Amino acid sequence: MDTGNNTAKESEKQMSTIMKAEHISYSYPGDEEDRPVEALRDVSFSVEEGEFVAILGHNGCGKSTLAKILCMILQPGEGKLYIDGEDMTRDDITEEDINKGRRKVGMVFQNPDNQLVATIVEEDVAFGPENLGLAPEKIRRRVDWALETVGMTKYARHATHRLSGGQKQRVAIAGAIAMRRKCIIFDESTAMLDPHGRKEVMDTISRLNREEGITVIHITHYMNEATMADRVLVMQGGGIIMEGKPTEVFSRAQELWDAGLDVPQTTELLWYVRQAGYDVALDIFDPAACAAEIARVLKGTAHGRDNT
Amino acid sequence: MKADIAFGQYYEGNSFLHRLDPRWKILFVIFYIVIIFLAKNIFSFALLILSAIFLTLISRIPLRTILRGLRPLVFIIFFTAIINIFWLKGDTVLVDWWIIHIYLEGLINALLIVVRVVILVAGTSILLTYTTTPIALTDGLERLLSPLAKIHLPVHEFSMMMTIALRFIPTLVEETEKIMNAQKARGADFSTGSLVRRAKALIPILIPLFISAFRRAEELATAMECRCYTGGKGRTRMNILHSSWRDVAALLALCALCAGVVLLNIFAPGYALAL
């Protein structure tokens, strides 16, 4: 009952909107004489249940502010936020309502050290369910399930401070999913990790999304991570400037560069190949496939153009 | 190794002692300390030594680990031994040379006091800190003190503070090291000069450490809020502490030890402790 999670993507084709932001604006109060600093301007988007959405943006584009609003740490200055159909920005909202929203939407932060509460892995994962006031046996089942899902069962009794960055983040993810959330926001959760840890965490995130049907909102500035998403939102200067499938978004390489962002290395390479006059597709993110694409056009020119 | 100084005493294991209920263990340690101070003559001390050996054996902690834990005490042990050997007067003179008079009583007294200190430290750490995780310890303490919550003492808050402190000690130790290295790389000197100078040299370490600790605290508070933490009210725990036959057995053993020590004090002849 508690562990039988069959909400794989197929079974919920009749998708419902888990999160909807309408015209959200936010300004940080300025100190003393400074004017308030505008962080978000008229941001609107919605996320369907089971989706994997990446939010891309340069430093200071407002993506972290957006994350804080989405998990109800900050209240937007203007606009509406709906979580699972519930208006989280209405005037008469109580602490209890916000907590109800937080049971549905969780967050994994950037610094793995500053989000683990307990010294032992499984105690930390249990922290959330304990706050919900669940029965001990139920907490135990959830913790075991969560640790297994992120592949940390072996480390259940280990000390949290001895783990690597990637492992700490996986524990944090386990802590977030142990509350049986529908949606998890990753606020640059891979930014402080080494390449190995980053891969570990990304694998875990995509597995959560694929196998457990958990909605993922992944905020990042690594382009390669965004290619794994179903949909990419690109932010600049507090607003969303692009939205679409990764293949669509990254095909617009010039616009991304203008926004001060990178494109995946494969796309960049293919873009230069195209500039050199070869007809290659830009929306390829796998290095092997990219090599194959370049080989294809090079062979094509050697033997005369072949059709597509 | 570096990050393990503070509370890194816990020795991973699954022995009889490891599996005792931490609530009981805290009480057992207090009881054991009382028993140690009850012992008065060499026979009751012999029994104490036996009990300490027994504790070491059932804890399955290597003797080396336990001895290493005693190392910081060497000076105190040595000092009290010297004082007792040279200053205590008795009837049987062993050495009488110039101003040095050593009596058999002084020697025995010194020996007993050394034994007492060693057992006090080794015994309590085997019973408690080596075999109980810090988290179980705070947990046990919280529950032992939970009746006090009825008179509005913040027992849950206190134990949450302890838990977080334990969690962040290694992190902050690591951070201190990083900052020290960073300041050393900029030419800071922590090890020479007068005491005042050295104290002043700590300021460039403490300020960044405090700033980062406050930032960490804020982030942690946010993270806890995101995980629906609203204080102790309505919160349950995953691990429920259970008393078992082990706790009863340990209690009985301690009672027997106490009785043995008292009986030996009364009925066995021997050199009594002068302190």
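Model, not experiment: these values are computed from the prediction.
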Are the side chain of [X] and the backbone of [Y] linked by a donor-acceptor contact shorter than 3.5 Å?
X       : Y       : value
T236(B) : L134(A) : yes
N131(A) : R227(B) : yes
R140(A) : M238(B) : no

Only heavy atoms, only distances under 4.5 angstrom. Which residues in residues 67-76 of chain A are near chain B?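 C71(A), I73(A) fall under the 4.5 Å cut-off.
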Which one wins on heavy-atom pair count under 4.5 Å against chain B: [options]?
options                            : value
Q115(A), Q110(A), R181(A), R102(A) : R102(A)
V105(A), V143(A), D124(A)          : D124(A)
M179(A), M107(A), E95(A)           : M179(A)
R157(A), E122(A), E137(A)          : E122(A)

Does atom [atom1] of [X] have more than 12 heavy-atom neighbours from other groups under 6.0 Å away?
X       : atom1 : value
F158(B) : CZ    : no
Y28(A)  : OH    : yes
R71(B)  : CZ    : no
K100(A) : NZ    : no
R198(B) : CZ    : yes

*For F127(A) and R235(B), which heavy atoms make the closest approach, and how far apart are they?*
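Where F127(A) meets R235(B) most closely, the heavy atoms are O-NH1, 3.4 Å.
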Which heavy-atom pair separates A118(A) from R167(B) by the least distance, and what is that distance?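 Nearest pair, atom of A118(A) first, then R167(B): O-CD, 3.3 Å.
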* Side chain / backbone / both / neither for T163(B) at chain A, heavy atoms under 4.5 Å ->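 It is both, since atoms from each part get that close.
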_N239(B)/E130(A) under side chain to side chain contact (heavy atoms under 4.5 Å, CB included): CA gap, chis, key distance, verdict_ = CA-CA 10 Å; N239(B) 292 324; E130(A) 285 176 345; over 6 Å; no
Does the side chain of [Y] come within less than 4.5 Å of [X]'s, by heavy atoms?
X       : Y       : answer
E123(A) : R237(B) : yes
Y229(B) : V117(A) : no
F168(B) : N114(A) : yes

Q: For chain A, find its close neighbours in residues 205-220 of chain B: heavy-atom separation under 4.5 Å, sorted by number, or none.
A: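 Expected list: R216(B), E219(B), L220(B).
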